[in-house]
Amino acid sequence: MPDTKKLWDEALLEIELIISKANFTTWFKNTHICHYDDGVVNVSVPNEFVKEWMLTKYHKCILKALRDKHQSVRSVDFVIQKDEDKQRPQKLMIQDEALYSDQMHFPELYVSKEDNLNPKYTFETLVIGPFNELAVAASQSVLKNLGTTYNPLFIYGGTGLGKTHLIQAIGNQLKKNDANKKIFYITSERWATDLVDSIRNNKIHLFKEKYRKYDLLIIDDIQFISGKDKTEEELFHLFNSYHDNNKQIIFSSDKPPRAIIGLEERLRTRFEGGMMVDISQPEYETRLEILRTKAKGSHIMPPEDVLEYLATSIQDSVRELEGALNLIVVQSQVKNRALSVQEAKNLIKNNLKPQKTISLKDVIRVVAEFYNIEEKILYEKSRRKEIVKPRQIIMYILREDFNTSYPYIGQKMGGRDHTTVIHAYEKIKRDLKIDQLLGQEMEQIKTILYKEYRPV
Amino acid sequence: MKIECIKDKLRNAVTQAERLTGKNLSLPILASILIEAKGSKLHIRATNLDLGIELELPVKVEEEGKVAISGSLLNNVLSLLDGDDKIKLETVNDNIVISTKKSSTLVKCFPADDFPTIPRVTDGSEFTITSQKLVLGLRSVWYAASLSDMKPEISSVHVYSEGGEFIFVATDSFRLAEKHIEKKGEGGDDLSIIIPYRNAVELIRIFEGITDHVTVLYTKNQVSFVSEVYGLHITSRLTAGVFPNYRQIVPKEKKTEACIMKKDLLSALKMATLFTDKFNVIAMKIMPVERLCEVTAKNGDVGESVSQLDATLEGDDLQANFNAKYILDSFQSIKEDSIVITGSGPSKPLVIRGIGDNTFLYLVMPINR
């Protein structure tokens, strides 16, 4: 098998000598050998007009030139192929867009019809940090071994952290890797509506057929199907058909399967049967990196200190981060200059949630509420088991998360000795390692606590 | 080659073909048209390697043969010849002599062998459509296509068939036009082609002067339009790629609706455009409660204009800015005397239709200001 690029270059040199320069540039520009198989050379040409003319006029001359270079060439075929990677003047487009930035685009125009994927979600545009690196790694390995290693892949995490971006990126990447793979992305809500429609129109068999033909099915926001019995049942069958045929299925949700209330047991276990990864909140460095990436395309790049300010003040959602950045970009476009930190502060102050610190009282209140006991009982000397445990958990959280001193904790918890606190802390710490239930409770308490009060 | 024919007929054919000659191409032969006398017909051919045309003209052939000749030159010569309506064309030593009773013109020719052939679709699917319908479909939407070459799939007109209709659609991502044309006869059920908009413009121009059934043959890469009566064969390259899924941007709910006389809105918009900046920004107010429908334009340098319109209004208040040109564009596709404008909330596209006409749909995005 000869080196096709070299072969074609050499042949072109020869052809160039035979025909006129004008003819050569007109007909042989944008041609190359796209395939070589057993003596048959496939030359790719840009359109039918060129193909026709190549066949009638230059066929012999090309064949001769090729055969001179390589004896095994027996025939030449022409195929029409678009130059996909043609360098398009990207810069020009950005300028154009700056000019028309006020004119709004149709927002969803570029979602592809066949697979529902939005091409703007790719791995290249995804900012990877410690908060999502496990999820990305799992996605990559799903791409490598479709349908076998991690099936299903279940990605969960809070709103606005890039779940949709990640799962669509998997789809887009697969599409790029292998154009023959059938991919489909759908939100669980759309899927459920589709199901209801098909039942109403007596076309349930078509519905089943439609969703079973894909190699990769991505269902977004699966938590919404909980409590819809028929939908859950249909999903169960759909899932089984994918799993049995080694076809990949990917779910995303805002919470882990066991936290989805009303989800049927058989579905829950199936969701957990593959790979479950969570996307947590990005840390400061990642947030800054996200801002830098998103700001790159904008007309006036916000200065670094403004980005830093944004990254510090907005913490728990990438979407909020993007919203605030957009606000600043638009404002600086109006003013036609970059904004200062003070201006940025004023601009986004309405978008920020009021920040509160967590006081010791809050911890006690949240834990008491969680275990459904009255706060004041905690301060008493009672040694009833259901009182002791919450009391110890409070001490543990205060020590572990807030680094409060042992004597102070003891004093606040009804005048206890600091050794009692040490004992409580050590006990919970030890128990957490062995008692799974306790671990879950701790997780839930912390979620409630930090959701309510965002740390500064 | 030696032929005799009616001057005007030849001139018409040459004018048609000349528009498709390649300009700014490295190959000079593409700027010429090929004329070939064969049997009792004169075949005229021109191409710019994107779109190719072949015409037949019944003439008196005394001697067969073919020449390639500069399209614009031939066109000019024919238009300046006066007097007799019969002309003779004869090749003399690689040149062509065009003679009437009173004059004789010698034009240099190119070697005809270098002239490319126009590909023909042979193994594709086909259907027939009347030329009027084809023109109506293309003409109703082509202006909405993107003029930039950045995204070839939207600087094109997408034609596909669905539910016994041909659907023509074009968009530049700011606005979108869609036209449904009733499908008659067999074939074309799997039609889904993307025609570059420049070629669509030429197709409109060529077929609007014709009344005939047009056979359309198509494959993945090209499409041919054939009219037997006129001996016309046109082949166009098709845009590769997938036309965007535009269905989902069509708003499903109606929040505001206004029904306005077309001529009223037209004059209001025309008045407003006198006072717009280079982005043609106009402000539109539709306030059903106050029974107010208003078009405003303001330009610091020129002045401002406010026009109130008589209209039937319904639903929520809507205030938004638009590019007046985008709205005006849609009027050419609306034959009805009243226009229905539907809004579905801020930052959502505005829907424009002719009253009682479900075949045409126009969407336009507001301007963010």
Side-chain angles (χ1 to χ4, degrees), chain A residues 19-30 45-58 78-84 86 88-94 96-97 99-119 175 190 326 330 333-334, chain B residues 22 25-30 47-52 113-121 148-152 154 171-176 219-222 235-249 278-279 281 321-323 326 347-349 363-369:
Chain A
I19 67 175
S20 79
K21 189 167 184 292
N23 270 318
F24 183 78
T25 43
T26 307
W27 304 111
F28 288 89
K29 201 172 69 186
N30 297 330
V45 293
N47 61 44
E48 192 80 29
F49 291 89
V50 177
K51 177 179 168 182
E52 179 92 3
W53 196 235
M54 288 276 193
L55 274 173
T56 46
K57 189 86 177 176
Y58 299 116
F78 299 96
V79 286
I80 297 163
Q81 213 173 55
K82 293 283 175 236
D83 244 348
E84 295 286 350
K86 203 161 66 183
R88 288 186 184 147
Q90 288 288 341
K91 216 171 184 177
L92 201 75
M93 197 154 88
I94 291 164
D96 264 9
E97 263 167 19
L99 196 67
Y100 286 107
S101 61
D102 288 334
Q103 171 67 55
M104 288 195 249
H105 285 268
F106 291 127
E108 302 98 348
L109 192 61
Y110 280 97
V111 175
S112 161
K113 212 185 298 191
E114 270 125 44
D115 49 30
N116 241 340
L117 290 170
N118 189 332
K175 192 160 84 171
R190 267 302 312 275
N326 283 343
V330 167
Q333 237 167 33
V334 172
Chain B
L25 280 171
S26 46
L27 197 61
I29 187 94
L30 292 176
T47 179
N48 55 13
L49 299 188
D50 210 39
L51 187 64
D113 284 342
D114 279 354
F115 198 88
T117 39
I118 313 275
R120 288 182 179 245
V121 176
S148 112
D149 290 329
M150 231 62 86
K151 296 190 180 106
I154 60 164
T171 180
D172 58 4
S173 88
F174 306 123
R175 37 62 181 279
L176 178 143
T219 59
K220 208 177 101 215
N221 296 311
Q222 59 172 345
T235 297
S236 165
R237 174 183 69 87
L238 291 176
T239 307
V242 184
F243 196 78
N245 185 9
Y246 69 95
R247 282 286 169 83
Q248 56 195 355
I249 59 180
K278 63 177 170 174
F279 298 120
V281 184
N321 297 325
F322 294 96
N323 183 334
Y326 287 171
S347 308
K348 293 277 166 56
L363 301 182
V364 57
M365 278 305 276
I367 289 175
N368 210 348
R369 212 172 267 193

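Numbers restart at 1 for each chain; the letters A, B, ... are given by sequence-line order, proteins then strands. Here the structure is a predicted model, which means the values were calculated and not measured.
Contact between D114(B) and W53(A) at its shortest, heavy atoms only, is O-CZ2, 3.3 Å. Between D113(B) and K57(A), the shortest heavy-atom distance links the atoms O-NZ, 3.1 Å. The two residues L49(B) and W27(A) make their nearest non-hydrogen contact at CD2-CH2, 3.5 Å. Heavy atoms only, all atoms of each residue included: I118(B) and E52(A) are closest at O-OE2, 4.0 Å.
With a 4.5 angstrom heavy-atom cutoff, L363(B) touches chain A via backbone and side-chain atoms both. Contact annotation for S347(B): both backbone and side-chain heavy atoms come within less than 4.5 Å of a heavy atom of chain A.
The ring pair (Phe, Tyr, Trp, His ring centres under 6.0 Å) test applied to F322(B) returns no partner, not counting sequence neighbours. Residues passing the side-chain hydrogen bond (donor to acceptor under 3.5 Å, both in side chains) test with R120(B), sequence neighbours excluded: E54(B), H233(B).
Remark: side-chain polar atoms of N221(B) are not paired, donor with acceptor, to backbone N or O of E48(A) under 3.5 angstrom.
Remark: T117(B) OG1 to F49(A) CZ distance equals 10.0 Å, nearest 0.5 Å. Rounding to the nearest 0.5 Å places CG of N47(A) at 11.0 Å from CG of L51(B).
Comparing G241(B), P119(B), P366(B) by heavy-atom pairs within less than 4.5 Å of chain A, the highest count is held by P119(B).
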Derivation of the side-chain contact (heavy atoms from CB on, under 4.5 Å) call for I29(B) and T26(A): CA-CA 11 Å; I29(B) 187 94; T26(A) 307; over 6 Å; no
